[in-house]
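All remarks here apply to the structure that follows.
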Amino acid sequence: MSDDSLWASGSNPGRVFVERTYRVSPETAFDAWINPDSLTRWFGPPGFTARILTHDPRVGGTWRFNMRSVEGESYHHFGQFVEVTPPRKLVFTWASEEQVEGWRDEKNEPTVVTVEFTPCPEGTKVTVTHEKLISDMARDALTRGWGGGLECLEDFLRISLRSRHFDKGTAL
């Protein structure tokens, strides 16, 4: 499904930049980010499951997820939607309830995630930019996390599209 992927943090220690191209429309890719039933099936890197506790994708709406690793470690992330422009862009704040040293500043200010959905000849390029990170440790972990999450999104979209074709009696 993906033609290529670019996982790069760039030279900015406070920023993660990850992108991947999918052979779906921007509407389909965008829906995978705003539909709670879809999110539970793909959100997070491989080996993690997501439980959607709150998800109100509108400006000012809030979100809260519980991410659980295969080892049983549990992380709660939450934030607020700053921009919702279907099917082109999502911007939301990101914070964690668990206090992991090196991940948050003393003021406990949230970081900011921007997800862009750009039409391209191959389908849709999804770009995730996570900014206002305070350490290399946070940047490196979130680069792996977002990169792995976009892999999981690819698997979800492939399975979802396959089931839609079979539901319609069409072979891929």
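Keep in mind it's a predicted model, so treat the numbers as computed, not measured.
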### Task
Could you walk me through whether S96 and H76 pass side chain to side chain donor-acceptor pair (under 3.5 Å), step by step?
CA-CA 6 Å; S96 299; H76 293 84; over 6 Å; no
### Task
Go through the structure and list residues passing side chain to side chain contact (heavy atoms under 4.5 Å, CB included) with T49, not counting sequence neighbours.
R68
### V113 vs V128 side-chain heavy atoms within contact, under 4.5 Å
yes
### Query
Are the side chains of L142 and R144 in touch, meaning some heavy atoms are under 4.5 Å apart?
no
### Message
In terms of relative ring orientation, are F92 and W33 parallel, tilted or perpendicular, with 30° and 60° separating the classes?
### Response
tilted
### Query
Quick one: does L150's side chain get under 4.5 Å of Y22's, heavy atoms only?
yes
### Message
So F65 and L53, do their side chains get closer than 4.5 Å, heavy atoms only?
### Response
no
### Task
Enter the distance from D56:CG to T62:OG1 here, rounded to the nearest 0.5 Å.
6.0 Å
### Query
For the residue pair S74 and N66, what are the closest heavy atoms and their distance?
OG-ND2, 2.6 Å
### Message
Could you check whether F17 and H130 have their ring centres less than 6.0 Å apart?
### Response
no
### Task
Please collect all side chain to side chain donor-acceptor pair (under 3.5 Å) contacts where either partner lies in residues 81-90, sequence neighbours excluded, each pair once.
E83-T85
### Task
Using a strict cut-off of less than 4.0 Å between a Lys/Arg side-chain nitrogen and an Asp/Glu carboxylate oxygen, indicate whether R20 and E151 qualify as a salt bridge.
no
### Message
Quick check: do T114 and L90 have side-chain heavy atoms less than 4.5 Å from each other?
### Response
no
#### Entry: Contact check, side chains of T118 and P26, non-hydrogen atoms, under 4.5 Å
no
Side chains of residues 40-48: which donor-acceptor pairs under 3.5 Å do they make with residues two or more places apart or in other chains?
{"from": "T40", "atom 1": "OG1", "to": "D37", "atom 2": "O", "distance (Å)": "2.9"}
{"from": "W42", "atom 1": "NE1", "to": "A32", "atom 2": "O", "distance (Å)": "2.9"}

#### Entry: Full working for side chain to side chain contact (heavy atoms under 4.5 Å, CB included) between V126 and V115
CA-CA 7 Å; V126 175; V115 185; 3.9 Å; yes
### Message
In this structure, would F156 and I34 fall into the same cluster of hydrophobic residues linked by side-chain contacts under 4.5 Å?
### Response
yes
### Query
Below 6.0 angstrom between ring centroids: does that apply to W94 and W63?
yes
### Query
Out of curiosity, does V91 fall in the hydrophobic cluster containing F30 (side-chain heavy atoms, cut-off under 4.5 Å, transitive links)?
no
### Query
Taking atom CG of D31 and atom OG of S25, what is their separation to the nearest 0.5 Å?
9.0 Å
### Query
T93 side chain to Q80 main-chain N or O, any donor-acceptor pair under 3.5 Å?
yes
### Query
Do you know which two heavy atoms are closest between E19 and T127, and how far apart they sit?
OE1-OG1, 3.4 Å
### Query
Shortest non-hydrogen contact from T21 to C120?
CG2-SG, 3.7 Å
### Message
If you apply the rule side chain to side chain contact (heavy atoms under 4.5 Å, CB included), what do you find for H77 with R64, and how did you get there?
### Response
CA-CA 6 Å; H77 304 293; R64 184 169 178 258; over 6 Å; no
### Side chain proximity check, F117 to P87, heavy atoms < 4.5 angstrom
no
### Task
Begin with the C-alpha distance, continue with both residues' side-chain angles, and end with the deciding distance and a verdict on side chain to side chain contact (heavy atoms under 4.5 Å, CB included) for V16 and L133.
CA-CA 8 Å; V16 167; L133 305 173; 3.6 Å; yes
### Query
Under a 4.5 Å cut-off applied to non-hydrogen side-chain atoms, are V59 and V82 in contact?
no
#### Entry: Under 3.5 Å: donor-acceptor pair, side chain of T28, backbone of V24
no
